[in-house]
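Being a predicted model, the structure only gives us computed values, none of them experimental. Quick note: numbers below take in every heavy atom, side chains included, and nothing from hydrogens, waters or symmetry partners. Below, chain A is the first sequence line, B the second, and so on; all start at residue 1.
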2 protein chains.
Amino acid sequence: MMTTSPISRPRERIIETASRLFFRQGYCSTGINQIISESGVAKASFYAHFPSKEDLAIAWLRQREENWMQQLSERVGQHLSADKRIVAMYSMWYDQLREEGYRGCGFINMAGEFSSEESPVRACVRDHKNRVRQFVADHVLDQYRDTMTSGGFDELVDVVYSLFDGAIVQAQNFMQEWPVEVALKASLNMLSHERGEAS
Amino acid sequence: MMTTSPISRPRERIIETASRLFFRQGYCSTGINQIISESGVAKASFYAHFPSKEDLAIAWLRQREENWMQQLSERVGQHLSADKRIVAMYSMWYDQLREEGYRGCGFINMAGEFSSEESPVRACVRDHKNRVRQFVADHVLDQYRDTMTSGGFDELVDVVYSLFDGAIVQAQNFMQEWPVEVALKASLNMLSHERGEAS
DNA sequence: CATCGTATAGACAGACTTGTCTGTTCGGTG
DNA sequence: CACCGAACAGACAAGTCTGTCTATACGATG
């Protein structure tokens, strides 16, 4: 009925290329022509798969979201204590920082290029950040849920999560590791403080 | 020799317009033609004052930097305790959040659109963030400098500052106030903890 | 008055943008 | 073999972009 790589092959090549270019150069600075030439796809094929450039951006963000959450789950799932889980969470960024040309969070950068709050791209970014926050609550800090007042737990989650995002942005600005190290340390300190330990 | 508004008047109009448009729409999405038409300036006049669009961006960032630091100094300078100074620092963002169409930190957004680490625009952003960090150390948390080990103090500054930037980005994503509130609370908690108070 | 600096308006060049369209090639299926 | 869907190459449209250019107007100073 269908060959081994009929409808999906060029589509995947396009998303792969877009993933690289949108992330490294930004959305506005990356043209359709560059995407199609670097992914070895005809322009007509491109528009057969994606109605517009923005639709490609959304497809990319959705795929990135899936990869990101899966990798996060894998890394965090190997550990049982909240401390180790936070360390695992931050290890995601340590790895990226060591690569050449660190560009921070693709979602945040993308949101910066779409000024309208109602843009579908912005909705993707919001969804992603909400999901990460929920992940922190459910799979990283879960064991603190019952040892605190419910409002206190939510705030703990928000702070750990804000520190996380702040570190990403700072690391991008300075192109250095210390913001990530500092945020990680601070998160662990907060937890030990929460457990009533003297520091 | 010179009339009351000879060389400076159109230049200021241009920067004013650029300030609004670059901030609200982003750098790439704002064209020179829109800038000159909205500031009521001829194209030749524009290029007489700014060699290129990027030079305008830099001029804008420098001006914004100056305004920002001055306003920060004014607000923080009215208070003597670190707690109140932090509150004053966060009040900068509370005010912006209440305005229509909050767009987060102009510097961070700008950096996202310039992928090259060596870009002069990126250098402006780095300078700004360094200056803010230095301000936190010298004029917000100064009284903790001698009550802690030097490394501990630097880390405290970094954390307070990372929380601050994280809150800005989160608030931009969600278009809500809670990230700022949470970061402010967390910063104050950290300080009270640093003073050895039970929480 | 003549001149000079700064402003204006707007045509223009040349490159680049997204998106459409025509026509060809190729591989699997009836 | 004939057909059909999908991918290919690439011209093309229509508009955008930055930046340059010519020509003109105005106000202050020599």
Rounded distance (Å) that lies between atom [atom2] of [N] and atom [atom1] of [X]:
X        : N       : atom1 : atom2 : answer
Ile32(A) : dG15(D) : CD1   : C1'   : 16 Å
Gln34(A) : dT18(C) : CD    : C1'   : 15 Å
Arg13(A) : dC8(D)  : CZ    : C1'   : 10 Å

Exercise. In terms of side-chain heavy atoms of Tyr47(B), which of dG19(C), dT20(D), dA7(D) is nearest?
Worked result: dT20(D)
For this session: For the side chain of Lys53(B), starting at C-beta, report the closest nucleotide among dT18(D), dA7(D), dT18(C).
Result: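 Of the options given, the side chain of Lys53(B) lies nearest dT18(D).
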Problem set entry | Salt-bridge criterion met for Arg195(A) and Asp83(A) (N-O under 4.0 Å) | yes
Exercise. With a 3.5 Å cut-off and just heavy-atom distances, do the side chain of Lys43(A) and the base of dG19(C) make a donor-acceptor pair?
Worked result: yes
Exercise. In chain order, what residues pass the salt bridge (charged side-chain N to carboxylate O under 4.0 Å, His left out) check against Glu65(B), with sequence neighbours excluded?
Worked result: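 Arg131(B).
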Exercise. Any idea how Phe107(A) and His128(A) line up, ring-wise: parallel (<30°), tilted (30 to 60°), or perpendicular (>60°)?
Worked result: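 Ring orientation of Phe107(A) relative to His128(A): parallel.
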Exercise. Does OP1 or OP2 of dA7(C) have a side-chain N or O of His49(B) closer than 4.0 Å?
Worked result: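 Yes.
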Exercise. Taking only N and O in the side chain of Arg9(B), is any of them less than 4.0 Å away from OP1 or OP2 of dT8(C)?
Worked result: no
What is the nucleic acid contact for [X], judged by heavy atoms within less than 4.0 Å: base, sugar-phosphate only, or nothing?
X        : answer
Ser29(B) : nothing
Ala48(A) : nothing
Thr30(B) : sugar-phosphate

Seminar exercise, completed: Contacts of Asn33(A) and Ala44(B) projected onto DNA chain C by closest heavy atom; the upstream (5') one is Ala44(B)
For this session: Before giving the answer on side chain to side chain contact (heavy atoms under 4.5 Å, CB included), spell out for Arg133(A) and Gln170(B) the whole-Å C-alpha distance, their side-chain angles and the decisive distance to 0.1 Å.
Result: CA-CA 11 Å; Arg133(A) 190 204 169 280; Gln170(B) 300 262 16; over 6 Å; no
